Q: 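Input: one structure, supplied below.
Values in this document were obtained by computation on a predicted structure and should not be read as measured data. Numbering starts at 1 and runs along the sequence shown.
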Amino acid sequence: MFGTILALSAALSACGGNNNETGNNTGNTGGESTNATNTANQGGTNTTTPDTAAGDSYVAKALNGDYKGTKVTMFGPFTDADEQKFNASIKEFEDKTGIDIAYEGSKEFEATISVRVNGGNAPDIADFPQPGLLKGFVKDGKVIDVKSFLTDEYLKKQYNQSWLDMATMPGPSGDVYGGVWARSSVKSLVWYNKKAFDEAGYKVPTTWDEMMALSDQIAKDGDPAWSIGIESGTATGWPATDWIEDIMLRTTTPENYDKWVSGELPFTDPIVKNAVQKMSDIWFNDDYVYGGRKSIATTSFGDAVKPLFDNPPKAWLHRQAGFITSFFPEGLSADSFDWFPLPPIDAQYGQPALISGDIYAMFNDRPEVRAVMEFFTTADSLKTWIQSGGVTAPMNGADPSWYANDQEKRMAEFLSSAKTIRFDGSDLMPGAVGAGTFWKGMTDYVSGTVDLDKAMEEIQAGWK
């Protein structure tokens, strides 16, 4: 495993990595970094005194035992099975380097991280599943710029440009890399019952028009094509936001998507309404949807996939992220199901990928923390997690043989070849919109209590 990391360490050295260490911080195992270190790093240029030759990799030094006996604290939302998988993924690095990565998981991460950072008790590294929350800390100068110790050249070898774009956030003195991407989940997937689909003679669509034609054909054959549900307790409506985000990427420019996410392009704009109408063409056609439009808001998102696997199927298609396999009926083998990417709508925008994921941000600047952050940019940091299933590597270098099955291997290929990659928009928007009016407005619209114009006005009001 660590042969790959050592090779990457050599590549980092060749790239002239900015490897300046802060000698007087090496004993600091928690809390905020010194003011001098924060000041040096927030502008993207490290002015601290180096005690080693510039260009040496922190991971190489860690593997050499330079940081043995140190501790790096980490705080994030991984609990239960995810926490176990994360700890398994870092164990070999800890064993080889002698660095203790002390991870603490919490289901109240979003609320707790603000208290800890603002109270002067920031972890060395924090895992943000919602980059929108991280942006506030970056803007306030609380986060160490990754470019202060990893070069642009190195980062471009590790990640496709879209990932680097999504990690670039405004700091107090200009843009910084707010963190490194550590795992991802592909959302732009349409699932189907492979055996029944093939036996029926249906063909996987490669364009939106072909997908609509397939929906027509399935309806003519006597079944609804789609099974859709957006009920999710207090989070009801989020699957609808995913559909809109996916369609936006297929009907307008990535720049317009970014403006929409940041609030510059309002929900009331015709561009956004067009995306909602595209979704409505499917959702509001009772011949297309299992249970009809009236069932969508009351059907649990986890139950919505199950009609695909009745015998015979009661519906044939379901758009959802890769995690949905956890909700499949028990006993399904990997060859029982498959997926295809939600097809392009306008050819000029290619085949984009909507993703969710985790970005690891650094709050305290010490050599061992830099080593751990550099480690997290490597595919090896995810190897055991990939092998156990349910995770796609955002960074380059993951061996296709690591993936648990062909479906997950193809997700990684889809992600690496996507012309445009963008993060879940609602997770990037302020909570009042992304997890507030966007969820509620789409639920009201799907339920029929408001029309399109009123729904968009209702959602847009969240920006106020």
Q: Just jot down the side chain to side chain contact (heavy atoms under 4.5 Å, CB included) partners of Asp338, sequence neighbours excluded, or say none.
A: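 Result, side chain to side chain contact (heavy atoms under 4.5 Å, CB included) vs Asp338: Tyr192, Lys194, Gln407, Arg410.
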
Q: Hey, what do you get for OG1 (Thr151) to NZ (Lys156), rounding to the nearest 0.5 Å?
A: 9.5 Å

Q: Has Lys419 got a side-chain atom pairing as donor or acceptor with Gln348's backbone, closer than 3.5 angstrom?
A: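 Side chain of Lys419 to backbone of Gln348: a pair is present.
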
Q: Return the set of residues passing side chain to side chain contact (heavy atoms under 4.5 Å, CB included) with Ser227 (not counting sequence neighbours), or none when no residue passes.
A: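 If we apply the side chain to side chain contact (heavy atoms under 4.5 Å, CB included) test to Ser227, skipping adjacent residues, the hits are Tyr290, Ala304, Pro307, Leu308, Ala315.
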
Q: Using side-chain heavy atoms (C-beta onward) and a distance below 4.5 Å, is Phe414 in contact with Ser188?
A: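 They are in side-chain contact.
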
Q: Check this for me: Glu108, atom CD, are more than 12 non-hydrogen atoms of other residues, nucleotides or ligands nearer than 6.0 Å?
A: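 Not buried by this count: 12 neighbours or fewer within 6.0 Å.
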
Q: Checking the side chain of Gln351 only, and the main-chain atoms of Thr420 only, is there a donor and an acceptor separated by less than 3.5 Å?
A: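 No, Gln351 side chain to Thr420 backbone: no donor-acceptor pair under 3.5 Å.
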
Q: Parallel, tilted or perpendicular for Phe128 and Phe363, by the 30°/60° rule?
A: tilted

Q: So, Ser215 versus Trp226: side-chain donor-acceptor pair below 3.5 Å or not?
A: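 The answer is yes; a qualifying pair exists.
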
Q: I'd like to know if the side chain of Asp399 pairs up with that of Ser401 as donor and acceptor (distance under 3.5 Å, no hydrogens or angles considered).
A: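 Checked: Asp399/Ser401 side chains pair up, N/O donor to acceptor below 3.5 Å.
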
Q: Would the distance check show the side chain of Ser388 and the main-chain N or O of Trp385 forming a donor-acceptor pair, the cut-off being under 3.5 Å?
A: yes

Q: Do the side chain of Tyr103 and the main chain of Gly76 share a donor and acceptor less than 3.5 angstrom apart?
A: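 Here the side-chain-to-backbone pair exists.
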
Q: Measure up the Phe375 and Phe93 rings against each other and bin them: parallel (under 30°), tilted (30 to 60°), perpendicular (over 60°).
A: parallel

Q: What residue among Ser89, Ser184, Pro394 forms side chain to side chain contact (heavy atoms under 4.5 Å, CB included) with Leu382?
A: Pro394

Q: Determine whether a donor-acceptor pair (N or O, by modelled atom type, separation under 3.5 Å) exists between the side chain of Thr73 and the backbone of Pro123.
A: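 Checking the backbone N and O of Pro123 against the side chain of Thr73, no donor-acceptor pair under 3.5 Å is found.
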
Q: If you apply the rule side chain to side chain contact (heavy atoms under 4.5 Å, CB included), what do you find for Gln84 with Asn87, and how did you get there?
A: CA-CA 5 Å; Gln84 293 175 18; Asn87 285 328; 5.9 Å; no

Q: Could you tell me whether the side chain of Thr112 and the main chain of Phe109 form a donor-acceptor pair under 3.5 Å?
A: no

Q: State, to 0.1 Å, how close Ile271 and Asp269 come at their nearest heavy-atom pair, and which atoms those are.
A: N-OD1, 2.8 Å

Q: Could you tell me how the ring of Phe323 sits relative to the ring of Phe301: parallel (under 30°), tilted (30 to 60°) or perpendicular (over 60°)?
A: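 Correct class here is perpendicular.
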
Q: Do Asp424 and Trp238 come within less than 4.5 Å of each other through their side chains, counting heavy atoms only?
A: no

Q: Are Lys157 and Asn396 close enough, and set up right, to give a side chain to side chain contact (heavy atoms under 4.5 Å, CB included), and what steps lead you there?
A: CA-CA 7 Å; Lys157 287 184 177 180; Asn396 301 322; over 6 Å; no

Q: With a 4.5 Å heavy-atom cut-off, do Met166 and Ile421 have their side chains touching?
A: yes

Q: Closer than 4.0 angstrom, basic N to acidic O: yes or no for Asp80 and Lys107?
A: yes

Q: Which atom names give the shortest non-hydrogen contact between Ala432 and Gly462, and what distance separates them?
A: CB-O, 3.9 Å

Q: Does the Lys NZ or Arg CZ of Lys142 fall within the cation-pi geometry relative to Phe137 - under 6.0 Å from the ring centre and within 45° of the axis?
A: no

Q: Looking at every heavy atom in both Ala398 and Ile386, which two are closest together, and how far apart are they?
A: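 Minimum heavy-atom separation between Ala398 and Ile386: CB-CD1, 4.2 Å.
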
Q: Return the minimal non-hydrogen interatomic distance between Pro344 and Gly350, and the atom names on each side.
A: CB-O, 3.3 Å

Q: What is the distance from atom CG of Asp242 to atom CD1 of Ile247, rounded to the nearest 0.5 Å?
A: 11.0 Å

Q: Return the set of residues passing salt bridge (charged side-chain N to carboxylate O under 4.0 Å, His left out) with Asp287 (not counting sequence neighbours), or none when no residue passes.
A: none

Q: Listing request: all side chain to side chain donor-acceptor pair (under 3.5 Å) pairs with a residue in residues 438-453, at least two apart in sequence or in separate chains.
A: Lys273-Asp453, Ser280-Tyr445, Lys440-Asp444

Q: Measuring only between side-chain heavy atoms, which start at C-beta, is Leu342 closer than 4.5 Å to Val190?
A: yes

Q: Looking at side-chain heavy atoms only, is the closest gap between Tyr159 and Thr377 below 4.5 Å?
A: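 Counting from C-beta outward, Tyr159 and Thr377 do come under 4.5 Å.
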
Q: Any carboxylate oxygen within less than 4.0 angstrom of a Lys/Arg side-chain nitrogen, looking at Arg422 and Asp258?
A: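 A salt bridge links Arg422 with Asp258.
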
Q: List the residues meeting side chain to side chain contact (heavy atoms under 4.5 Å, CB included) with Gln130, not counting sequence neighbours, and say none if there are none.
A: Glu110, Asp427

Q: Heavy atoms only: give me the nearest Asp365-Met362 pair and the separation to one decimal.
A: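 Reported closest heavy-atom pair: OD1-CE, 3.3 Å.
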
Q: Are any non-hydrogen side-chain atoms of Leu265 and Met248 less than 4.5 angstrom apart?
A: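 Yes - at least one pair of side-chain heavy atoms lies under 4.5 Å apart.
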
Q: Can any side-chain N or O of Thr437 pair as donor or acceptor with the backbone N or O of Ile459 at less than 3.5 Å?
A: yes

Q: Taking the side chain from Trp191 and the backbone from Gln320, do they hold a donor-acceptor pair closer than 3.5 Å?
A: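 Yes; judged by distance alone, with no hydrogens or angles, the pair exists.
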
Q: Counting C-beta onward and ignoring hydrogens, is there a side-chain heavy-atom pair between Glu457 and Thr268 closer than 4.5 Å?
A: yes

Q: Rounded to the nearest 0.5 Å, how far does NZ of Lys187 lie from CD1 of Ile355?
A: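 Result: 9.0 Å between the selected atoms.
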
Q: Is the backbone of Tyr177 close enough, under 3.5 Å, to the side chain of Asp145 for a donor and an acceptor to pair up by distance?
A: yes

Q: Strictly below 4.0 Å, N to O, side chains only: are Asp246 and Arg250 in salt-bridge contact?
A: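 Yes, charged N to carboxylate O under 4.0 Å.
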
Q: Can you tell me how far the NZ atom of Lys203 sits from the CZ atom of Phe197, to the nearest 0.5 Å?
A: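 Going from NZ on Lys203 over to CZ on Phe197, the span is 9.0 Å.
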
Q: Checking Ile282 against Met212 for the side chain to side chain contact (heavy atoms under 4.5 Å, CB included) test, could you report, in this order, the C-alpha distance in whole Å, the side-chain angles of both residues, the deciding distance, and whether it holds?
A: CA-CA 8 Å; Ile282 294 174; Met212 296 301 287; 3.6 Å; yes

Q: Would Phe327 and His318 count as a side chain to side chain contact (heavy atoms under 4.5 Å, CB included) if you check the C-alpha gap in whole Å, the side-chain angles of each, and the deciding distance to 0.1 Å?
A: CA-CA 12 Å; Phe327 293 86; His318 180 72; over 6 Å; no

Q: Less than 3.5 Å apart, any donor N or O on the side chain of Ser262 or Glu264 sitting next to an acceptor on the other?
A: yes

Q: Over 60° means perpendicular and under 30° means parallel, so classify the ring planes of Tyr360 and Phe78, tilted if in between.
A: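 Ring orientation of Phe78 relative to Tyr360: perpendicular.
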
Q: Within this structure, what is the CE-CG distance for the pair Met411 and Asp406, rounded to the nearest 0.5 Å?
A: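 Answer for the CE-CG pair, Met411 versus Asp406, is 10.0 Å.
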
Q: Arg293: which residues meet the side chain to side chain contact (heavy atoms under 4.5 Å, CB included) condition with it, sequence neighbours left out?
A: Phe284, Asp286

Q: To the closest 0.5 Å, what do you measure between CD1 (Ile125) and CE (Met373)?
A: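 Separation between the atoms: 5.5 Å.
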
Q: Mind listing the closest non-hydrogen atom pair of Tyr403 and Val391 along with its distance?
A: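 The pair with the smallest heavy-atom distance is CE2-O, 3.5 Å.
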
Q: Keeping the roles fixed (side chain from Asn274, backbone from Pro270), state whether a donor-acceptor pair exists under 3.5 Å.
A: no

Q: Is any side-chain heavy atom of Leu214 closer than 4.5 Å to one of Leu317?
A: yes

